[in-house]
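No experiment lies behind these values; they were computed from the predicted model shown. In each ligand, atom 1 is the first atom listed, and ligand 1 is the first ligand listed. FYI, side chains are in, hydrogens and waters are out, and symmetry mates aren't considered; it's all heavy atoms of this structure.
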Amino acid sequence: MNFSLLEIEEILKLQEEGRVKPQEVWDFFQRRIQHWEPRVNAFITLVKDLKGNGVAVGVKDNITVKGLPTTCASKILRNYIAPYSATAWDRLEARGFSLAGKTNLDEFAMGSSTEKSCFGPTRNPWDLERTPGGSSGGSAAAVAAGMVKFALGSDTGGSVRQPASFCGVVGFKPTYGRISRFGLVAFASSLDQIGIISNNVQDAAYVFSIIAGEDPRDSTTSSRPVPKFQDMFGGEGGSFTFAYPGEEVLGRAEEEVRREFVEFIKLAEKIGGRGKEIPMTLLEYAIEAYYIVTNAEASSNLARYDGVRYGTRQEAETLLEMYLRTRTSGFDDEVKRRILTGGFVLSRGFYDDYYGKAVAYRKRLASFMEELFSEVDFLLLPTTPHVAFKIGERQDPIEMYMEDFFTVFVNLAGLPAISIPWKLLGKGLPIGFQIVSRWYNEIGMFHIAERLERAIDFKNKLILKEV
Ligand code: GLN
C-alpha cells in the first residue's frame, strides 16, 4: 500500500479496523527514507525504531524532542541534547505519532534555501540540483519525497510556506499565538510560529487540531477554543469573497508565475469566490521592516549562546575571550550578519531611524489588514516569485532576502496563511499559491483551501513515484 497517497485519518482508520499494522506503515516510510535520504539530505538525526502508530513524522531541528539532539543546524549547538519536548511534539506523541527524525534547516531558521546548514544543504526531490527552499527545507523535502507523512516546521517569515511551494506540498502557518512556541528555539519571538507541512489540506487541518491551543508554558498562546477536525470540512461550498493585489505586488513575481496566478484567481471565482483587486503598495516595505524587526529580536535571543549555558565552548584564558571564541567559531556568516545588524538597529542614535520605524510600519500593516478583512474573507497571492532556484545560485544575501517578499508581511501582521500546490511549471517544478485569512479564521481558510485543492487536482497525483 502506498501510504503517501492516503490521508492521516485514513491510515489511522485502517489500523483501528485491524487492516494494517503500525509496523507496515512504518516500514513503508523507512523504505522511502532509505531510497531518498542519501540523495536529499533532509534529516539531521534519524530515528530507526518504531514507537507508536507508524505514521512517520519529521520535526524541524529547531523544535525540541526530549533526549535527542536539537542542533538548529548550527555548530554552536552540535552537541546539545534537549532535556524536554516541545508542546507541539508532546501532543503528537501523546496521540501515538512516530518520530522518523529531526529535519535539516538553515542555521537557526535564518534563510530561504536550507543551504546554510552545518550538516550540508538539503536537495529538492523534484530536482536534486535545486534547493527545497527554506528554512524548513528538510521538512518540506521529506514530505515531498514521501519519507514522512507530515512534518513540523517553523515560520517566522515564510519558512514553512516557501519550501512547501518549492516542493509541491501544503504549508500552513497559524495565527500568531495559536500553536505553543514552548520548545521552539527562539529566532524572532514576536513572529515565530510552528507550522505544518503535509501532502494535503486535510492532513494539515488534522494536525492543527491536535497541536493548537492554549499552553500554560507559552504565555503568548491564545485561550480561544481550537476548532474540532470533524467540524472543519464537509457541507456544501457556499460563496466567499477574496482580494488579490495589483501590479505593485504581483510585479515582484516572474512572468510565468503571474500568468498562472491569473488562472488561480479564475478558478477561485469558478468555485464560488468573488474577487477584487485591492492595491497593496504598503507591502513595498515589508522586507525592510521584517529584517529590521527579526534581526533585532534575533540579536537578543541568540545572546544566550555564550559557551556557558548551551552547546559548545571554546576554552580561553579569560571569560571575554571565551565568549568571543565560542561565538565567532560557533555561528556561521548569516547568523553573525543578523546579530550584528540587529544590535545596530537597536543601538542608541539609530533606534528611532530603524527599529522604531519598523515597529510603526508593523502597526500600520496590521490596521491595513484589519480593514482588508472587514471587506473580504480571504487574500490570495503567490507564495514565491518563482520555482525553486539552483543550489549556489543566490550568493548575495539581499537577493536571498527578496525571496521572502510574498510571505513576510503575513508574520509581521500575525495572520494565518496556507500555501497549496498549483501545478508543475515549465521546468517540471512545482509552485504553490497562498491563501491568507483574518486572525483565528484557520477553519474558514482550511475550508477554502480544501475546495481549491479539489478543483486544482494536484492532490495525491504528483507525489513522487513509489520506491
Ligand atoms: N527566509 C526568512 C528569513 O531568512 C524566513 C525565515 C523563517 O521563516 N524562519 O528570515
Inset, instruction - Apply the side-chain contact (heavy atoms from CB on, under 4.5 Å) test between I196 and each candidate in V160, D155, I211; give the one that qualifies. - result: I211

Inset, instruction - Go through the side-chain N and O atoms of R161 and N411 and say whether any donor and acceptor fall under 3.5 Å apart. - result: yes

Inset, instruction - Give a yes or no on whether the backbone of F166 and the side-chain of N124 come within a donor-acceptor separation of less than 3.5 Å. - result: yes

Legend entry - Exercise: do T221 and S180 side chains pair donor with acceptor under 3.5 Å: no

Legend entry - ligand 1: protein residues within heavy-atom distance under 4.0 Å: A109, M110, G111, S112, S135, D155, T156, G157, G158, S159, F187, Y290, Y291, R338, D404

Legend entry - Partner set under salt bridge (charged side-chain N to carboxylate O under 4.0 Å, His left out) for R304, not counting sequence neighbours: none

Legend entry - Any side-chain donor near an acceptor of the partner, S136 and K60, under 3.5 Å: yes

